[in-house]
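Have a look at the structure below, then the notes.
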Amino acid sequence: MQNIKKLYYGAAYYDEYLPCDRLLDDMAMMKKAGMNLIRIAESTWSTWEPADGVFDFTHLHRMLRASADAGIDVIVGTPTYAIPSWLARKYPDILALTHHGQELYGHRQNMDLTHPGYLFHAERIIRRLLEEVQQYPHVIGFQIDNETKPYDTCCPRVQQMFAADLKKRYPDINAFNQQFGLDYWSNRIQDWADLPDVRGTINGSLGAEFKQFQRSLVTEFFRWQAGIIREYLRPEQFLTHNFDFSWRGVSFGYQPQVNQYDAAEHLDIAGADIYHPGEDDLTGAEIAFGGDLARSLKQGNYLVLETQAQGNHGWLAYPGQLRLQAFSHLAGGAVCVEYWHWHSIHNAIESYWKGVLSHNLKENATYRECMTIGADFARLSDDLAGLKKHNRIAMLMSNRSNTAFQYFPAGSISDQNTIVRWLYDAFYRMNLEMDLISDTTADSKLLAAYDLIILPSVYSITRQLAADLDAYVKNGGHLLASMRSAFADEHLKIYADDQPYGLTACFGMTYDQFTEPGRTSLSSQAVAFSKKPALSDWMELLITQDTQTEVIARYDHPYWKEYAAVTHHPYGEGSAAYIGCYFDAASLEEVLQMLMARFGMKMQAERFPVIRREGTGRDGRRIVYFFNYSNEPARYLVPFDGRELMEDAEVHAGDTCGLTPWRFHILRQNLL
Amino acid sequence: MQNIKKLYYGAAYYDEYLPCDRLLDDMAMMKKAGMNLIRIAESTWSTWEPADGVFDFTHLHRMLRASADAGIDVIVGTPTYAIPSWLARKYPDILALTHHGQELYGHRQNMDLTHPGYLFHAERIIRRLLEEVQQYPHVIGFQIDNETKPYDTCCPRVQQMFAADLKKRYPDINAFNQQFGLDYWSNRIQDWADLPDVRGTINGSLGAEFKQFQRSLVTEFFRWQAGIIREYLRPEQFLTHNFDFSWRGVSFGYQPQVNQYDAAEHLDIAGADIYHPGEDDLTGAEIAFGGDLARSLKQGNYLVLETQAQGNHGWLAYPGQLRLQAFSHLAGGAVCVEYWHWHSIHNAIESYWKGVLSHNLKENATYRECMTIGADFARLSDDLAGLKKHNRIAMLMSNRSNTAFQYFPAGSISDQNTIVRWLYDAFYRMNLEMDLISDTTADSKLLAAYDLIILPSVYSITRQLAADLDAYVKNGGHLLASMRSAFADEHLKIYADDQPYGLTACFGMTYDQFTEPGRTSLSSQAVAFSKKPALSDWMELLITQDTQTEVIARYDHPYWKEYAAVTHHPYGEGSAAYIGCYFDAASLEEVLQMLMARFGMKMQAERFPVIRREGTGRDGRRIVYFFNYSNEPARYLVPFDGRELMEDAEVHAGDTCGLTPWRFHILRQNLL
Amino acid sequence: MQNIKKLYYGAAYYDEYLPCDRLLDDMAMMKKAGMNLIRIAESTWSTWEPADGVFDFTHLHRMLRASADAGIDVIVGTPTYAIPSWLARKYPDILALTHHGQELYGHRQNMDLTHPGYLFHAERIIRRLLEEVQQYPHVIGFQIDNETKPYDTCCPRVQQMFAADLKKRYPDINAFNQQFGLDYWSNRIQDWADLPDVRGTINGSLGAEFKQFQRSLVTEFFRWQAGIIREYLRPEQFLTHNFDFSWRGVSFGYQPQVNQYDAAEHLDIAGADIYHPGEDDLTGAEIAFGGDLARSLKQGNYLVLETQAQGNHGWLAYPGQLRLQAFSHLAGGAVCVEYWHWHSIHNAIESYWKGVLSHNLKENATYRECMTIGADFARLSDDLAGLKKHNRIAMLMSNRSNTAFQYFPAGSISDQNTIVRWLYDAFYRMNLEMDLISDTTADSKLLAAYDLIILPSVYSITRQLAADLDAYVKNGGHLLASMRSAFADEHLKIYADDQPYGLTACFGMTYDQFTEPGRTSLSSQAVAFSKKPALSDWMELLITQDTQTEVIARYDHPYWKEYAAVTHHPYGEGSAAYIGCYFDAASLEEVLQMLMARFGMKMQAERFPVIRREGTGRDGRRIVYFFNYSNEPARYLVPFDGRELMEDAEVHAGDTCGLTPWRFHILRQNLL
């Protein structure tokens, strides 16, 4: 597969859901709006195969022919994430048995990904579908399944697979008992057959290991399905997947149920869906985070395979926001923005997750704004497609640590993504861009590519990674960790050693006690807080171990004032900072500004609501986006002589330019 | 059956629950209090039939003989809504399998109404009971079962009945797939045997259809049981049922689980239980709503078969409130007020749902107030029994729309009754009385009987009803609809057309977008709001389509201000108003006052807390009640020359009369 | 067994949980900290018996030898409260079937205590363990199981045992129906085989009877296990149990699932675990309540077998608090303070319930404070071990009443312990100490031992106890009851009589109505409330029946002002007070102060945050503790000439002494 060299704009399209035949009207409307891509087929197995072994691709060919005629390219999704009811009837145990009992048929993603009957029928429909679409040159790529996750499968057969896997890794069952601490509460086993139903375990190490095993089932599923599809793939076609993120009513953080970095190994290009708050709550942070993650999965451009048009209740874009959003995706490195979905649906659960068109299927305010975007994309494709990033900062994603927070919350924080976003969003508001790398692939070499590594409460860390981080700092890197980082090993066994494990010399501090902050605040000689920091949930009583350790902030409390809260420590050629507690976002930004100075990192002139994102175009010229994420006018400083592409005007370094509410500019540096 | 021509006052009575024999004492106490009716037998199958086929009617005959001796009439309830444990043991699957698993024995209303074993044994006990009571002339009527509902039965057998019903209605399974949108998420079926367990469905159309099927089971149950009872009914005896309403700790709105209009077809007179807040929270709105609904079921007088004496915790009436409540029921058209129940119960779940007597079974404050009511009822029976209403306003009840809100909430509003009561209560506070009619029986003729039809977010509407409403307005009627009205068809398939479906010409407006209001308020040139309206949950962006459309209010918001929020439109001989958003009750009252003027409807001089209710007595003279629902004194304007019946004093048109707290007057117009 | 004559200080110890071999280091560290006791073995059946019939006591002997060498005594717990997974595999139904379905393996306390397979294997491991430890003279005692409860076992077999028990007690099934009110909702049975699954019952009497039966299973389990252990017990060894209390994130009130008084019959000395809030929320109330209960179980000294070192998140003691806590236990009559646990755990669910040592297993701040306590205990053992109490007040604990509140809450109060602690804590803050006695053992003789008996909403009361209380007051005792006391019999059948049952003459008042207070407050001529009392949840409309009845407070409400809220009534030689409503703690303290004056009870000079606790040492001299439970300095009045033991200084009656924050003094009266 070659790199994607143009911008794609489009929507998911479902001819089979429509209450009337309007395919040609829709293609014409899309074309008129400048759309050049649809995604089809990923949800409709029962339409392609209405009964076991009976195939009907009428709708498929209708869509492929009509799109070809309209000059619209197509991504075809395999339909395997929603099984037909006849398949559930054929194999009653195909519906996953989960922690909450056996699934009922109805919703999607309810099956056991390892069920042989599922795999047999999935392979058959994939092969049949791929045969059907081979004749169409405008199919540019395939999507494996959709938003795949393990669906919490934990039937006895899957648990036996898990036991077998453990047995292989622990030939000595006593080593297993020891590593997982199973003597506790009489959970020790002497025989693998005694491994109890993991659904009842109170052992976080064992529970987390099973979640890790569930994640491996997803990676294996990708390997399997990619293998089948690649038999049919033409050289110019790509294989992608629509990764989704952890969900809090919007795309929030890293997906805990999938190791997306491992899964992405089997793809050519990463894809993702990104949903975010709208109207007054639109900040762009989710677009940036999701995009940075998608880009980092394969260290390159990515496809936004789904994002909101009208979307969910309360997301209806103000005039101009839809356009701002589309270009925000491009600013992260996307080469494709596809809405979910073209038309709103007239039945079933997502009828109020609205598409470009409302239920009356006519041109509307949303459609009219799409037309401006389509025109922009066409006009600017050469400049903006294939943006490359050169970030100096990386944050470490860790499935294990996320699981750890579920078993061992920090006060009320039971999702590590709370911390991930606490830190990410502060950097976002300061316009410091970053990559998001995985703890399972981060090695010395990868670390060395960055000036600053951030550990967002990366609770679980291997001995090797601790050593690598220590060496990274010694060799001139900068490290920033928040509370609880490096506390337990990869099986969530807490290190019986000084914390943070393996890094006390690096941080020049240690601690062994922590508590709820209650009325505790922070005091600092280094940071002039604009308001009293509000601590909650967790505070570690840090003890500096080195005269070089600078106490950036300490606790403002009658008894805990002896202890440090935030430290910075020069170590070897680099330095390391540690934030031992959790507090409000505004104070964090003030702490981070101070720490960036200590690290010697460059700051940007603009702060949120002006968002600045940068990269280089395919011709190597700098492209800088400035977005105004607010209801008020804003200004930015032009960084170089160049051209503003939206208004097609010349700009000069040092000028300040204005942005009306929800408006953006794109600066292209002049050729030097 | 003849019409009921006198007032009944009494209580449910359970000799079999009492810890000691005090039947004669109780009858004497009731008689002393002026009570002339008891309801018996509806909960005690296991007492009449302690073992399979073993019958013991000792308590029944005791109660019938003692009441006969005391001159107290009796309504006998069939005991079928609470099965004996021997019956549950005999047929383990008689306990309903619901969305939450199989019922355990213990509470009432836990059985599958369609179970053949249940029906066999229910018929046997009904026939035996009816034989036993045939000899008693003072049994004036029978109650079918009690508060019957489908109890969410959804066992495989019931689901097969459902599939068979669908198959009959959809000989072409593709039409079924199309109507219900089953292609979505691969839910399409090709064979009726593949219709999956509806408990898992994510398809609101299918889920709602099953709820509709469950409601039809109740209607069928009424048909079946009425058929049996009518074999025994004497001409002067009536058949009734104790309908209950949707429950929010009090009787709140229309019952979503039963089509009470259909069920009432099998009765002679409607009955209902009405429970309402007490003490400072007593407003009378529940008494009015429940009464208007009960009266509308058979368009005539009704029985209040249960209402609170001391009732639940927090309902204990202030002095005077019990009397106010009793006459509030009469003011709605009730001819009977029966308490649930005479004596408080010493064991089990309703021990704190207290009767007239407390657990010590002695005269108490509540009993003493009952004595005044009993005397009033006896004195005023000729004047007040058989009140007829002549309402010009009707509100449309819709089970389908209620179900729709469960699947497709409007923001946080997942119960359409929230809207029903929002509108009903505003009219109640303005003393504009109404009937409550059903969408399943409303036809041109019924509509034409009213000056104003209200659609309280009637989401689901047939093509026929939309056309009838359009014609109704054209012919001079007035229509008032709130947000989301006429959005989907009878299977909750959203109309792929301009909304409100079929009524855009009538309303002179359309819309295709809606959102969460956030900080949005209303601005209006027509209504001078006394405070800034507070919007929440839902707002539609209304676009007027006709120069005649008056924008009563528009949105106060930087971007949405282009759109209308409330409109009024002259259409043909009539006019139609539409409220596109949800806001506070006080602002609604101000909007409605303006709209009533636009409709040319007459307003009343009094507002809540003075409540005015009117009808005509059997001799055709106007009867007007004025209630003071407050802790403060109040006044009202006498509408005609007549007599005030409570204080037996002459009154003249134009006088203003005073009402002490929680006091009421009843005016009878002089014979003209 | 002889009385314990010295102070024990130590921790639960788990060599088998440790990630490395550090047994000798730990023993040395303990010894250095002055610790002289460990508790072992209670959770680790799977370590002693890793496979069915395979025994391995390596860790046991290691611990016993090392502790012997270090001069540290040992309590050995039987490991029966956490079963091995092989045992769960062997008997799948050994895992309890509860109201929530069948337990999964994983957590402790998941088994059916009556399962024959469980009993067989439990007996075998107990006997093997006891044989192993027989050789060790420094094993001073044994603990039966741990925190035993019935684990809500309600499988069919257990329910059959329940039915058989009922049948034995009710040879006439009609008497059973009558007592339990089963005619209600058709629940009557004619055949014991028809007794339905109690899990579905809506009959509080039946449900409560089953909970009573479950409690009897625990007592029977104690009888059985004590019998086995006593076969091995040496004369100088004791048998104890670690009782736990009702749990609200901390030890809160009396344990509803166990009749601890009955269970304690089988022990030599009571033991308990007491966990309490920390830092700013530390008040000592839980330490006092739990200690008073433990002491009352066998009317003597008790062991604190578990309490927090670092404990749960948010409990980390401020400097000085750990020491204050340890001596607070002694002040209640404890002779042992053992932490749960020595070292923090590196895997599984209690990793954040931290021990003395943190996860790095090194000396830390907590350990350093332990060293001071160990030294204190050694120095003061002769003075402080074996403190005897001579309380004049007793509060009645009642499992039945607690269950009653679950079925019949008072407004939002569904746990009687809310009332228990409302009253207990007010007395605690006033420094009025009390015993906690059981309604199942309280007879005339026991009552007569006290000047004041408190009924904390003791809803369920036998006819006999009501008569005994009446006689107690007649004979000069004082009685204080809160709302709902004496309302129902021992089967929660509400008395069909004037309330409070059997005590209306005694209280000189009765009532039959009650309601939610809403905006009601209290007015009083007797008590000058410092702020307006805030009522909630429950108020009874008390009617005085005797001119001698003093209305201490009445309701401040337009309609309820006719009724009394708090009464006091001289009766015979004594008097009785009744509090008919629930209100804020500060107002309660003011009411109680007035009532203490009416009762003629002596008040203390000190109030919380100064806590005063008193007893006599083994030589008969008075020992008075003064604790400062606050962040501010405080003062107390020296009650006698004597010696302050902490600072070893002479003190004189009438002096006032100062206490720094979280500091305490211990005064020993001089020999007279």
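All chains are named by letter (A, B, ...) in the order of the sequence lines, taking the proteins before the strands, and each is independently numbered beginning at 1.
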Quiz item: So which of C/Thr366, C/Asn110, C/Leu104, C/Asn360 has the largest heavy-atom pair count under 4.5 angstrom toward chain A?
Solution: C/Asn360

Self-check item: Among C/Thr47, C/Asp281, C/Asn312, C/Thr44, residue most engaged with chain A (heavy-atom pairs, under 4.5 Å)
Solution: C/Thr47

Quiz prompt | Flag for C/His359-A/Tyr501: side-chain donor and acceptor within less than 3.5 Å | solution = no

Quiz prompt | Modelled atom types, side-chain donor and acceptor of C/Arg108 and C/Tyr81, under 3.5 Å | solution = yes

Please state whether the side chain, the backbone, both or neither of [X] comes within less than 4.5 Å of a heavy atom of chain C.
X	value
A/Leu206	neither
A/Tyr184	both
A/Ala193	both
A/Trp560	side chain

Quiz prompt | Residues in side chain to side chain donor-acceptor pair (under 3.5 Å) contact with A/Ser482, at least two apart in sequence or another chain | solution = A/Ser457

Quiz item: Salt bridge or not for A/Glu209 and A/Arg169, using N-O below 4.0 Å?
Solution: yes

Practice problem: Just jot down the salt bridge (Lys or Arg N to Asp or Glu O under 4.0 Å) partners of A/Asp498, sequence neighbours excluded, or say none. | Solution: C/Lys362

Quiz prompt | Centroid-centroid under 6.0 Å between A/Phe176 and A/Trp192 rings | solution = yes

Quiz item: Is it the backbone or the side chain of C/Asn631 that comes under 4.5 Å from a heavy atom of chain A, or both, or neither?
Solution: both

